[in-house]
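The structure appears right after this line, and notes come after that.
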Amino acid sequence: MNSNKEMKFCQSCGMPLTNEILGTNADGSKNEDYCIYCYKDGAFTGDFTMEQMVEYCSMFVEEYNKNTGQNITACQYKDVLRQFYPTLKRWKGDDANLPHADHPMKKVFIEEVNALGIPDLHVDNLYILQGYFINQPYNINGNEVKLLDDNATYWGNQVMKSDNRCYGIACCERYILVSEYGKDGADAELVILKRRDK
């Protein structure tokens with residue numbers, strides 16, 4: 001079918017590219033080669049090797065199975081990715097001209113999160129996450145409230161605590177949010193919402 005020929009994929013992670021998830025160049029314009037999770041403001045969001053990208057993306061095997069109607073394991077999915085990735089721009093040929101350095105804001109956010117001094121919370125990496133994926137409801141003064149924008153992207157991560165609960169981190173230009181929750185986001189509690197000093 002013609003639609004398959006027109007389908008574009010992120011030239012870093014292989015995700016199907018739609019206008020909603022196109023990465024951004026340094027001038028804020030859309031980048032036609034990479035998704036927002038891999039490429040933001042003219043820089044890659046992570047300085048991965050191809051094998052590290054395979055390991056990271058293999059965590060989303062259930063999403064792959066849902067979209068393709070297959071039922072493969074994470075190990076089988078890694079083999080699929082290892083065959084597919086060498087065909088992508090980021091992983092083939094001379095990479096001397098590719099911007100491999102981590103996005104500069106990632107390091108800033110990591111330092112600011114670690115400086116909060118929250119027990120059991122230390123991050124050494126952040127990822128680009130979609131708002132709808134991490135936008136937990138919190139009970140504030142008897143009201144159920146969501147504090148993130150479903151349509152925005154955030155620098156975030158999840159960190160296991162010693163009591164088997166998790167910290168969730170979401171950072172944007174204006175705020176840093178840290179929450180705590182149980183399995184699958186159950187019983188989410190707001191730990192801190194801090195306005196950033198710009």
Side-chain angles (χ1 to χ4, degrees), residues 5-60 63-64 67 81-116 121-135 147-159 168-178 193-198:
K5 289 181 182 176
E6 294 164 7
M7 175 75 74
K8 292 181 70 176
F9 297 92
C10 173
Q11 295 297 300
S12 171
C13 70
M15 168 186 285
L17 276 180
T18 61
N19 285 335
E20 296 78 31
I21 63 163
L22 286 177
T24 55
N25 297 312
D27 62 3
S29 63
K30 296 288 188 181
N31 185 285
E32 299 288 330
D33 289 330
Y34 301 108
C35 73
I36 192 68
Y37 308 111
C38 290
Y39 196 78
K40 185 174 170 64
D41 303 328
F44 285 123
T45 60
D47 203 6
F48 295 109
T49 64
M50 188 178 80
E51 188 59 28
Q52 287 169 333
M53 183 65 83
V54 165
E55 286 292 329
Y56 175 68
C57 290
S58 68
M59 294 189 299
F60 305 104
E63 189 77 13
Y64 175 81
N67 291 332
L81 295 175
R82 287 187 187 110
Q83 290 177 31
F84 180 45
Y85 281 0
T87 69
L88 302 177
K89 182 176 178 180
R90 186 173 183 183
W91 311 116
K92 70 177 180 182
D94 180 17
D95 63 358
N97 295 321
L98 291 178
H100 274 282
D102 275 350
H103 189 285
M105 282 308 296
K106 179 196 281 194
K107 293 173 184 169
V108 172
F109 286 134
I110 288 172
E111 289 173 5
E112 291 182 16
V113 169
N114 289 333
L116 294 172
L121 178 59
H122 178 84
V123 293
D124 52 23
N125 206 354
L126 294 171
Y127 306 95
I128 295 289
L129 302 171
Q130 192 68 35
Y132 74 83
F133 187 66
I134 58 174
N135 200 2
L147 300 171
L148 302 179
D149 180 349
D150 281 350
N151 298 313
T153 54
Y154 297 87
W155 288 97
N157 204 342
Q158 176 176 283
V159 176
I169 299 112
C171 306
C172 66
E173 187 178 313
R174 296 176 60 202
Y175 297 102
I176 293 176
L177 181 149
V178 179
L193 178 63
K194 180 182 185 292
R195 190 181 186 106
R196 295 187 60 243
D197 299 322
K198 293 191 233 174

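Just the heavy atoms: all of them, side chains too, but no hydrogens, waters or symmetry mates, feed the values below.
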Problem - Exceeds 12 heavy-atom contacts within 6.0 angstrom, atom CZ of Phe133 - result: no

Exercise for the section: Kindly write out the residues that satisfy ring-ring contact (aromatic ring centres under 6.0 Å, His included) with Tyr37, not counting sequence neighbours, or none if the list is empty. Expected result: none

Handout entry: Spatial distance of atom CD1 (Ile134) from atom OH (Tyr132) [nearest 0.5 Å]
Key = 11.0 Å

Practice task
Look only at the side chain of Lys8 and the backbone of Glu32, and say whether a donor-acceptor pair between them is shorter than 3.5 Å.
Solution key: yes

Practice task
Drop me the distance from Glu173's CD to Phe109's CZ, to the nearest 0.5 angstrom.
Solution key: 7.5 Å

Practice task
Can you measure from OH (Tyr85) to CD (Glu51) and round to the nearest 0.5 angstrom?
Solution key: 10.5 Å

Practice task
For Tyr175, check ring-ring contact (aromatic ring centres under 6.0 Å, His included) against everything at least two apart and list the hits.
Solution key: none

Handout entry: Minimum side-chain heavy-atom gap Ile110-Asp124 below 4.5 Å
Key = no

Practice task
Specify the closest pair of heavy atoms between Lys92 and Pro86, including all atoms of both residues, with the distance to one decimal.
Solution key: CB-O, 3.0 Å

Exercise for the section: Please test Asn114 against Val123 for side-chain contact (heavy atoms from CB on, under 4.5 Å), starting from the C-alpha separation and ending with a verdict. Expected result: CA-CA 7 Å; Asn114 289 333; Val123 293; 3.6 Å; yes

Problem - Donor-acceptor contact below 3.5 Å, side chain Thr24 vs main chain Asp41 - result: yes

Exercise for the section: Might you point out which heavy atoms bring Cys57 and Leu81 nearest each other, and give the distance in Å? Expected result: CB-CD1, 3.9 Å

Handout entry: Under the ring-ring contact (aromatic ring centres under 6.0 Å, His included) test, residues paired with Tyr127 that sit two or more places apart
Key = Tyr56

Problem - Atom of Ser12, atom of Phe44 and distance for their closest heavy-atom approach - result: CB-CE2, 4.5 Å

Practice task
Flag the pair Lys30 / Asn25 as yes when at least one side-chain heavy-atom distance between them is below 4.5 Å, and no otherwise.
Solution key: no

Problem - Side chain proximity check, Leu121 to Ile169, heavy atoms < 4.5 angstrom - result: yes

Practice task
Check step by step if side-chain contact (heavy atoms from CB on, under 4.5 Å) holds for Tyr39 and Thr45.
Solution key: CA-CA 5 Å; Tyr39 196 78; Thr45 60; 5.9 Å; no

Practice task
Would you give the length of the straight line joining atom CE of Met53 to atom CZ of Arg82, rounded to the nearest 0.5 angstrom?
Solution key: 14.0 Å

Fill in the blank from the handout: Closest non-hydrogen contact found for Cys38 with Cys13 is SG-CB, 3.6 Å

Practice task
Answer yes or no: is there a side-chain heavy-atom contact under 4.5 Å between Arg196 and Ile176?
Solution key: yes

Practice task
Kindly give the heavy-atom pair with the smallest separation between Gly46 and Arg90, and that separation in Å.
Solution key: O-NH2, 2.8 Å

Handout entry: For Val113 against Cys171, the heavy-atom pair lying closest together
Key = CG2-SG, 3.7 Å

Exercise for the section: Kindly compute the distance separating CG (Leu148) from OH (Tyr154), expressed to the nearest 0.5 Å. Expected result: 4.5 Å

Problem - Min side-chain heavy-atom separation Phe9-Leu17 under 4.5 Å - result: no

Fill in the blank from the handout: Interatomic distance, CD@Gln11 vs OG1@Thr87, rounded to 0.5 Å, equals 7.0 Å

Exercise for the section: Indicate whether the side chain of Lys106 and that of Asn125 have a donor and an acceptor atom separated by less than 3.5 Å. Expected result: yes

